[in-house]
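Read through the structure below, which is laid out as C-alpha cells, and then see the notes.
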There are 2 protein chains.
Amino acid sequence: MKIILRRKKEVYCCDMRGMLSFLILFLLSKKEMSGKELSDEIGERKGARPSPGTIYPALKVLNLQGLIKEKKEGKEIFYSLSAEGERSLEVAKERFCKVFMDVL
Amino acid sequence: MKIILRRKKEVYCCDMRGMLSFLILFLLSKKEMSGKELSDEIGERKGARPSPGTIYPALKVLNLQGLIKEKKEGKEIFYSLSAEGERSLEVAKERFCKVFMDVL
DNA sequence: TTAAATATATCGGTTGCCCAATATTTATAT
DNA sequence: ATATAAATATTGGGCAACCGATATATTTAA
C-alpha cells in the first residue's frame, strides 16, 4: 500500500481531491461508525457502495493523520473523530460551503 | 499530455473524482467565461487559483467530451455549455445534492 | 519593429480516489 | 474442530486533480 505520511499543510477539501476523506469525517461527526456502516451510508448517498479497496485505505490514512480514533469491538472497528479531526472538519466545511455554496 | 477519451458511462460527480470538472460545468452554466475568468472565480471560492496546468487540461478534456463549446475572441477563448453539457450537469447536480445534502 | 504582458497550452511528477481480486482476521453455526 | 460468513486489509493498475516550469500565440506598449 505504501503510505508516506507528509505533514498536511491544510485540511481536507482545500482542493477538489480529498472529498472522500471529507465525507468520511463529516459522517463520523454525526455518529461513530464501522467501516461497513460508513461504506453502506456512502453507498446510499452515491448510489454505489465504495469497494473495500477504497474505504479501508482512506480510513487508515485518516487514522495515521490522527483525525479519527478506532475502537475495536469483535470483528468490527468503530471510528470516531479525534479532537483534531473535529477542528479539521470545521475548517473543511467552511471551505466546502464557500466553493459549492450556490450549487445546492 | 496524452488524453485517451473513453466513453463516459456516467456523468461528473458520480464518484469523488471529477469535482473540478463538475465545478467548471456549474460555473459555465451561469455565465460563459474564458479560462482566465474561470480560474479567477474558482480561486476566489477556494482561496487559491488553480494553476494553468490544472485548468487548461480540464477544459480540453471537457471540450473533447463535447460538454463545452469554445469561442475564440482575440487571445481569449470563451467557454460555454453544450446541450449535452447541460444535460450532464443536471444529472451531476442531483447526485451532488444527494451526497452532500446535509453538509451545507 | 521590437519588447513586454497576457492567455492559453504542454510536460513531468505526485497524490487521492477508484475497482476487482485476493487475503486475513474474527465470530458463528454445524 | 471445521466450515461458513462477515468485516477488515492489501495489491495492482488506472484516472482525475494538482503544481511548477516552460512554451506558444496574440495583443499592447515602447
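A note on names: the letters A, B, ... follow the listed sequences, proteins ahead of strands, and every chain is numbered from 1.
- Atoms CD1 (A:Ile55) and P (D:dA6) sit 19 Å apart, rounded to a whole Å.
- Of all nucleotides listed (C:dT14, C:dC18, D:dT8), C:dC18 comes nearest to the side chain of A:Thr54.
- Here the C1' atom of nucleotide D:dC18 and the CG atom of B:Leu59 are 15 Å apart, to the nearest Å.
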Under 3.5 Å, which N/O atoms of the protein pair with N/O atoms of nucleotides 2-4 of chain C?
none

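- We find that CG of A:Leu64 is positioned 13 Å from C1' of D:dA9, with the value rounded to whole Å.
- Remark: the backbone N or O of A:Lys69 is not paired with any side-chain donor or acceptor of A:Ser82 at under 3.5 angstrom.
- Of the residues in residues 71-86 of chain A, those placing a heavy atom less than 4.0 Å from an atom of DNA chain C are A:Lys72, A:Gly74, A:Lys75, in numerical order.
- Near-neighbour residues of DNA chain D inside residues 18-31 of chain B, defined by a heavy atom below 4.0 Å, number-ordered: B:Gly18, B:Met19, B:Leu20, B:Ser21.
- The side chain to side chain donor-acceptor pair (under 3.5 Å) test applied to A:Arg49 returns A:Asp40, not counting sequence neighbours.
- Among residues two or more places apart in sequence or in another chain, the side chain to side chain donor-acceptor pair (under 3.5 Å) test is passed with B:Lys71 by B:Glu32.
- The side chain to side chain donor-acceptor pair (under 3.5 Å) test applied to A:Lys30 returns B:Asp102, not counting sequence neighbours.
- For D:dC15, its base sits under 3.5 Å from the side chain of B:Arg17 at one donor and acceptor pair at least.
- Evaluation of the ring-ring contact (aromatic ring centres under 6.0 Å, His included) test over residues 17-54 of chain A, restricted to residues two or more places apart or in two chains, returns A:Phe22-A:Phe96.
- For the segment residues 36-53 of chain A, the set of residues with a heavy atom within less than 4.0 Å of an atom of DNA chain C comprises A:Lys46, A:Arg49, A:Pro50, A:Ser51, A:Gly53, in numerical order.
- Legend: salt bridge (Lys or Arg N to Asp or Glu O under 4.0 Å) pairs involving residues 16-26 of chain A, not counting sequence neighbours, sorted by first then second residue: A:Asp15-A:Arg17.
- For B:Lys75, the side chain to side chain donor-acceptor pair (under 3.5 Å) test picks out no residue, with sequence neighbours left out.
- For residues 77-88 of chain A, no residue pair satisfies the salt bridge (Lys or Arg N to Asp or Glu O under 4.0 Å) rule, not counting sequence neighbours.
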Passes salt bridge (charged side-chain N to carboxylate O under 4.0 Å, His left out), B:Glu37 versus B:Lys31? Steps please. CA-CA 10 Å; B:Glu37 282 176 299; B:Lys31 179 162 82 80; 3.7 Å; yes
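- To the nearest angstrom, P of C:dA7 lies 15 Å from CE of B:Met33.
- The shortest side-chain heavy-atom distance between A:Leu38 and A:Leu28 falls under the 4.5 Å cut-off.
- Distance, B:Tyr56 OH to D:dC19 C1': 15 Å, rounded to whole Å.
- Not a single side chain to side chain contact (heavy atoms under 4.5 Å, CB included) links B:Lys98 to another residue, sequence neighbours left out.
- A:Tyr79 places a side-chain heavy atom less than 4.5 Å from the side chain of A:Glu70.
- Atom pair B:Leu62:CG and D:dC15:C1' shows a separation of 14 Å (rounding to whole Å applied).
- Looking at B:Glu73 and B:Phe78, their side chains come closer than 4.5 Å, going by heavy atoms from C-beta outward.
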